[in-house]
Amino acid sequence: MNAPVDDIDRVMGVMERAFEPAWGEAWSRRQVEDAMLMGNCHLLLCAQDARPPAADEPAAGFALSRHGFEEEELLLLAVLPEHRHSGLGKYLLDQVKQTARERGAHRLLLEMRDGNPAERIYLAAGFAPIGRRTKYYRAASGDRIDAITFSCTF
Ligand SMILES: CC(C)(COP(=O)(O)OP(=O)(O)OC[C@H]1O[C@@H](n2cnc3c(N)ncnc32)[C@H](O)[C@@H]1OP(=O)(O)O)[C@@H](O)C(=O)NCCC(=O)NCCS
């Protein structure tokens, strides 16, 4: 699926403020564009009141996922700081699960930086840790941080 250019603008508007630079988790515009060219990546945008944004409306959050055989990988999930703790993250996760299921997936996987407080939302949404990738991420300080793999079967 190719995302319209304005969708990428809306993603980057969230990306640039949602991720703390210290952890090096945010993707560049080029990385998002390349993912969307792969054909199996799917982008979901949400407005501040948990619905898809209108064409001329900025996004308050987004989820990017990649479909594989019978499973989907959540690549990115982000909500603007001022719109957090009102259920948008859960809404986006539910939408990813629903659309992934429609594509034939039975499992949603994700990698998360060890210690990311987002762990709580994943555990609450039915994910369980299934593995650890040692020193997978590189923080801005140069430190290497483990990634935890989470899985949710549906
Ligand atoms: C992770 C992230 C997407 C969560 O987004 P969010 O919109 O705040 O998520 P939700 O509102 O659905 O849930 C988050 C918390 O708000 C709580 N919440 C949900 N609705 C609420 C409400 N109406 N009132 C108060 N709290 C509420 C949830 O219970 C949850 O609480 P907890 O963290 O104590 O368990 C967001 O924090 C973010 O963008 N973080 C930076 C990027 C990032 O790290 N992404 C994940 C990479 S793996």
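Both counts, for ligands and for their atoms, begin at 1 and track the order of listing. Just so it is clear, the model here is predicted, and its values are computed rather than measured.
Not one N or O of Met112 is nearer than 3.5 Å to an N or O of ligand 1, by distance alone. Geometrically, ligand 1 and His85 share a nitrogen or oxygen pair separated by less than 3.5 Å. Residue Leu77 has at least one N or O atom closer than 3.5 Å to an N or O atom of ligand 1. Annotation: Val79 places an N or O atom under 3.5 Å from an N or O atom of ligand 1; distance criterion only. Looking at His83 next to ligand 1, no N or O pair under 3.5 Å apart turns up.
Within the model, atoms CZ of Arg107 and CD of Glu72 stand 12.5 Å from one another, a figure rounded to the nearest 0.5 Å. We find the CD-CD distance between Glu25 and Glu111 to be 12.0 Å, quoted to the nearest 0.5 Å. For the atom pair CZ of Arg144 and CZ of Arg133, the computed distance is 13.0 Å after rounding to the nearest 0.5 Å.
Judged by the shortest distance from any of its heavy atoms, Tyr122 lies inside the 4.0 Å radius around the atoms of ligand 1. The closest approach between any non-hydrogen atom of Ala124 and ligand 1 is not below 4.0 Å.
Shown here, atom 29 (O) of ligand 1 is out of close reach of the protein: none of its heavy atoms lies under 4.0 Å off. In this structure, atom 1 (C) of ligand 1 is in close contact with the protein, since a protein heavy atom lies within 4.0 Å of it.
Of the listed options Met15, Glu20, Arg84, Arg84 places a heavy atom closest to atom 40 (N) of ligand 1. Among Ser86, Pro117, Ala18, the residue whose heavy atom lies closest to atom 41 (C) of ligand 1 is Ala18. For atom 20 (N) of ligand 1, the choice among Gly87, Ala60, Ala78 with the nearest heavy atom turns out to be Gly87.
When each of Leu45, Leu76, Leu80, Val79 is tested with Val14 by the rule side chain to side chain contact (heavy atoms under 4.5 Å, CB included), just one qualifies, namely Leu80.
Side-chain contact between Trp27 and Met15: present, with at least one pair of heavy atoms (C-beta onward) separated by less than 4.5 Å. Ser65 has its side chain out of reach of Leu110: every pair of non-hydrogen atoms, C-beta onward, lies at least 4.5 Å apart.
Against a heavy-atom cut-off of under 4.0 Å, Leu88 is close to the following atoms of ligand 1: 7 (O), 11 (O), 12 (O). Near Lys90, meaning under 4.0 Å from one of its heavy atoms, ligand 1 places the atoms 12 (O). Listed by number with element, the atoms of ligand 1 under 4.0 angstrom from any heavy atom of Ala118 are 1 (C), 46 (C).
Scanning all heavy atoms of the two residues, the minimum distance from Val96 to Ala63 falls at CG2-CB, 3.6 Å.
Contact annotation: for Tyr91 versus ligand 1, there are no heavy atoms closer than 4.0 Å. When heavy-atom distances to ligand 1 are checked against a 4.0 Å cut-off, Asn116 comes that close only through its side chain, counted from C-beta outward.
Note: the hydrophobic cluster containing Leu92 also contains Phe154 (ILVMFWY, side chain heavy atoms under 4.5 Å, direct or indirect links). No continuous path of ILVMFWY side-chain contacts below 4.5 Å connects Tyr122 to Ile130, so the two sit in separate hydrophobic clusters.
With respect to the salt-bridge test (charged N to carboxylate O, under 4.0 angstrom), the residues Glu57 and Arg51 qualify. Lys135 and Asp143 are not joined by a salt bridge, as no carboxylate oxygen comes within less than 4.0 angstrom of a charged side-chain nitrogen.
Of the possible donor and acceptor atoms, none in the side chain of Lys97 sits under 3.5 Å from a partner among the backbone N and O of Cys152.
Closest protein heavy atom to atom 32 (P) of ligand 1: Arg120 NH2, 3.5 Å. Protein heavy atom closest to atom 4 (C) of ligand 1, with residue, atom name and distance, is Ile121 CD1, 4.0 Å. Summary of contacts: the protein heavy atom closest to atom 7 (O) of ligand 1 is Gly89 N, 2.8 Å. At the top of the distance list for atom 42 (C) of ligand 1, counting protein heavy atoms only, stands Phe19 CE2, 3.5 Å.
Taking the six-membered ring where tryptophan is involved, the planes of His42 and His67 are perpendicular, since the angle between them exceeds 60° and thus also 30°.
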